[in-house]
A.B. asks: 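I'd like to ask you about the structure that follows.
Every heavy atom of this structure was used, including side-chain atoms; hydrogens, water molecules and symmetry mates were not. None of the values given here were measured: they were computed from a predicted structure. Every chain is numbered from 1, with letters handed out A, B, ... down the list of sequences.
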Amino acid sequence: MPEVETLRRGLEASVRGARIEAVKVLWPPFVNASRPLLDAVVAGHRIGAIRRRGKALIFDLDHDWHLLVHLKMTGQVVVRRHGQPVVFGGHPTANIVGPMPNTWTRAVFTLSAGRMLYINDQRKFARVRVVTTETLAADPFFLHMGPEALGPGFTLAVFRQRLARYRSAPIKAALLDQATVAGIGNIYADECLHLARIHPRQPTASVTAAALRRLHRAIRVILRDAVAHCGTSFPAFIRDGRHHDTWLDRARLFGREGQPCRVCGTPIERTRVAGRGTNFCPHCQPVAAAPAPGRPSAGRRERHSSE
DNA sequence: CACTTGACCTGTCCGC
DNA sequence: TGCGGACAGGTCAAGT
């Protein structure tokens with residue numbers, strides 16, 4: 001989410017108000033609309049606000065249509081003015097400084113004032129959806145989405161209530177579920193759990209009230225900080241032709257397997273939780289203590305390991 | 001229902 | 001140098 005928010009801000013500054021003169025889709029499955037519909041929706045229309053919901057971007061147009069853009073893992077948006085980079089956002093392995101369109105360009109928008117907007121994506125996971133104001137609100141992608149992690153709706157009470165449907169699933173899985181709270185991805189789930197001193201594999205229902213309070217706070221702190229530092233974009237975003245700050249050096253866990261925990265010095269370990277690569281500090285994030293004797297267990301069944 | 005796994009894709013890296 | 005396998009920041013469908 002912080003990467004998407006960074007990109008959103010750059011786009012607000014560089015393409016808001018631009019008129020779309022033409023659009024070319026280089027890989028049809030990228031867009032959910034036929035060519036005539038897409039042309040009718042965008043050609044000659046101006047880009048209004050660029051908003052974000054969870055990890056998706058919403059380009060408002062000057063009529064009741066919107067472009068919903070989800071970049072998933074490797075998506076990238078590049079804006080150039082007369083060939084000069086204006087905004088880069090996205091994945092490092094794709095060449096973002098070479099000629100465009102390139103092998104990974106899925107769509108090209110020709111904008112007014114000599115601006116070009118390219119959406120590139122190596123893995124073909126990214127998608128654009130053409131929606132009306134009505135269908136946007138009802139879009140399945142947003143339908144069950146939880147509150148914005150940094151929005152006013154994400155209170156401790158709401159967090160608790162959203163987590164209530166989970167019992168034995170690892171807390172990390174619950175965090176990654178956008179229905180719990182919108183905007184937490186794999187990197188930030190790990191970071192939040194570290195700050196809150198919770199083991200990623202701890203069964204959700206067994207997280208104590210105090211730990212949950214720490215986690216709620218950690219989510220706000222980590223994401224706010226990551227947004228302030230333009231996210232964990234790997235080689236760094238470029239905006240207005242200059243490299244951005246990046247949150248990468250501030251990460252406690254990401255990319256730091258085997259390196260000392262910034263809090264206690266214990267080497268960071270890597271494992272797999274909820275099917276995702278997971279970094280954690282075995283000292284700061286101990287496996288949850290066994291329930292006090294006599295108290296009924298919350299049904300945790302954890303396979304033992306050396307972690 | 002809660003939870004896990006596989007699929008979607010391409011590129012990179014690591015071990016043999 | 002080549003090759004197979006694991007893995008990569010997300011989400012959804014289908015499975016147990």
A.B. asks: Does Val23(A) share a hydrophobic cluster with Leu68(A), counting links as ILVMFWY side-chain heavy atoms below 4.5 Å and allowing steps through other members?
C.D. replies: no
A.B. asks: Could you check which of dT10(B), dG9(C), dT11(C) has an atom nearest any side-chain atom of Met73(A)?
C.D. replies: dG9(C)
A.B. asks: Which helical stems does DNA chain B take part in, if a stem means at least 3 consecutive Watson-Crick or G-U pairs with both distances below 3.5 Å?
C.D. replies: B:2-8 with C:10-16, B:10-16 with C:2-8
A.B. asks: Just the rounded figure in Å: distance from P of dT4(B) to CZ of Arg167(A).
C.D. replies: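 About 14 Å, once rounded to whole Å.
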A.B. asks: With the side chain counted from C-beta on, respond yes when Lys172(A) and Asn186(A) share a heavy-atom pair under 4.5 Å apart, and no when they do not.
C.D. replies: yes
A.B. asks: Where the side chain of Trp104(A) is defined as all heavy atoms beyond and including C-beta, which of dG10(C), dA2(B), dT10(B) is the nearest nucleotide?
C.D. replies: dT10(B)
A.B. asks: Are any of Ser168(A)'s side-chain N or O atoms less than 4.0 Å away from OP1 or OP2 of dC3(B)?
C.D. replies: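 For dC3(B), OP1 or OP2 has a side-chain N or O of Ser168(A) closer than 4.0 Å.
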A.B. asks: Can you list, by residue number, the residues of residues 171-179 of chain A that have a non-hydrogen atom closer than 4.0 angstrom to DNA chain C?
C.D. replies: Gln178(A)
A.B. asks: Pick base, sugar-phosphate or nothing for Tyr166(A), based on heavy-atom distances below 4.0 Å to the nucleic acid.
C.D. replies: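 Sugar-phosphate only.
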A.B. asks: Which nucleotide sits closest to the side chain of Ala169(A): dC3(B), dG10(C), dT10(B)?
C.D. replies: dC3(B)
A.B. asks: Students often get this wrong, so: under 4.0 angstrom with heavy atoms, is Gly185(A) touching a base, only sugar-phosphate, or nothing?
C.D. replies: sugar-phosphate
A.B. asks: What's the closest nucleotide to the Arg123(A) side chain, out of dG10(C), dA2(B), dC9(B)?
C.D. replies: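 Nearest nucleotide to the side chain: dC9(B).
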A.B. asks: Nearest to the Ile187(A) side chain among dC3(B), dG9(C), dC12(C), which nucleotide is it?
C.D. replies: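 Output: dG9(C).
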A.B. asks: Using the six-membered ring wherever Trp is involved, compare the ring planes of Phe159(A) and His216(A) and label them parallel, tilted or perpendicular (cut-offs 30° and 60°).
C.D. replies: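 Tilted, since the angle between the ring planes falls between 30° and 60°.
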A.B. asks: Roughly how far apart, to the nearest Å, are dA14(C) and dC9(B) at atom P?
C.D. replies: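 So the two P atoms sit 15 Å from each other.
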A.B. asks: Which pairs would a plain distance check flag for residues 107-114 of chain A, meaning a side-chain donor or acceptor within less than 3.5 Å of a matching protein atom at least two apart in sequence or in another chain?
C.D. replies:
{"from": "Ser112(A)", "atom 1": "OG", "to": "Arg19(A)", "atom 2": "N", "distance (Å)": "2.9"}
{"from": "Ser112(A)", "atom 1": "OG", "to": "Arg115(A)", "atom 2": "NH2", "distance (Å)": "3.4"}

A.B. asks: Considering only atom P, compute the distance from dC14(B) to dG9(C) and round it to an integer number of Å.
C.D. replies: 16 Å
A.B. asks: Is the count of non-hydrogen atoms from other residues, nucleotides or ligands lying under 6.0 Å from His283(A) atom NE2 greater than 12?
C.D. replies: no
A.B. asks: Can you name the residues that form a salt bridge (charged side-chain N to carboxylate O under 4.0 Å, His left out) with Asp39(A), not counting sequence neighbours?
C.D. replies: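 Asp39(A) satisfies salt bridge (charged side-chain N to carboxylate O under 4.0 Å, His left out) with Arg35(A) only.
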A.B. asks: What integer number of Å spans the P atoms of dA6(C) and dG6(B)?
C.D. replies: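 Rounded to whole Å, the distance is 12 Å.
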A.B. asks: What's the CZ-P distance between Arg52(A) and dG10(C), to the nearest Å?
C.D. replies: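 Result: 14 Å.
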A.B. asks: Looking only at the side chain of Phe125(A) (C-beta and beyond, no hydrogens), which of the listed nucleotides dC9(B), dT11(C), dA2(B) gets closest?
C.D. replies: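 Within the option list, the nearest is dC9(B).
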A.B. asks: Look at Lys124(A) and dT10(B) and indicate whether a side-chain polar atom (N or O) is within less than 4.0 Å of OP1 or OP2.
C.D. replies: yes
A.B. asks: In whole angstroms, how far is the P atom of dG9(C) from the CG atom of Leu223(A)?
C.D. replies: 16 Å
A.B. asks: With sequence neighbours left out, what residues match Tyr188(A) under ring-ring contact (aromatic ring centres under 6.0 Å, His included)?
C.D. replies: Trp247(A)
A.B. asks: Could you tell me whether the phosphate oxygens of dC1(B), OP1 or OP2, come under 4.0 Å of any side-chain nitrogen or oxygen in Arg165(A)?
C.D. replies: no
A.B. asks: What is the distance from NZ of Lys72(A) to P of dT11(C), rounded to the nearest Å?
C.D. replies: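 Whole-Å distance recorded here is 7 Å.
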A.B. asks: Distance check needed: dG9(C) C1' versus Leu253(A) CG, whole Å only.
C.D. replies: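 Distance, rounded to whole Å: 15 Å.
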A.B. asks: Quickly work out the Gln202(A) CD to dC3(B) C1' distance and round it to whole Å.
C.D. replies: 17 Å
A.B. asks: Whole Å only: how far is the CZ atom of Arg276(A) from the P atom of dC12(C)?
C.D. replies: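 Checked: the CZ to P distance equals 13 Å.
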A.B. asks: Between the side chains of Tyr166(A) and Asp177(A), does any donor sit under 3.5 Å from an acceptor?
C.D. replies: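 Per modelled atom types, Tyr166(A) and Asp177(A) side chains form a pair under 3.5 Å.
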A.B. asks: Who are the side chain to side chain contact (heavy atoms under 4.5 Å, CB included) partners of Ala173(A), not counting sequence neighbours?
C.D. replies: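 With sequence neighbours excluded, Ala173(A) shows a side chain to side chain contact (heavy atoms under 4.5 Å, CB included) to Pro170(A), Ala274(A), given in chain and number order.
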A.B. asks: Do we see a donor-acceptor contact under 3.5 Å between the side chains of Asn120(A) and Thr105(A)?
C.D. replies: yes
A.B. asks: Which nucleotide wins on minimum distance to the side chain of His70(A), given the candidates dG10(C), dT4(B), dG9(C)?
C.D. replies: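 Side chain of His70(A) sits closest to dG10(C).
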A.B. asks: Could you tell me whether the side chains of Thr133(A) and His66(A) share a donor-acceptor contact shorter than 3.5 Å?
C.D. replies: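 His66(A) and Thr133(A) do have a side-chain donor-acceptor pair below 3.5 Å.
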A.B. asks: Taking NE2 from His144(A) and C1' from dA2(B), how many angstroms apart are they, rounded to a whole number?
C.D. replies: 16 Å
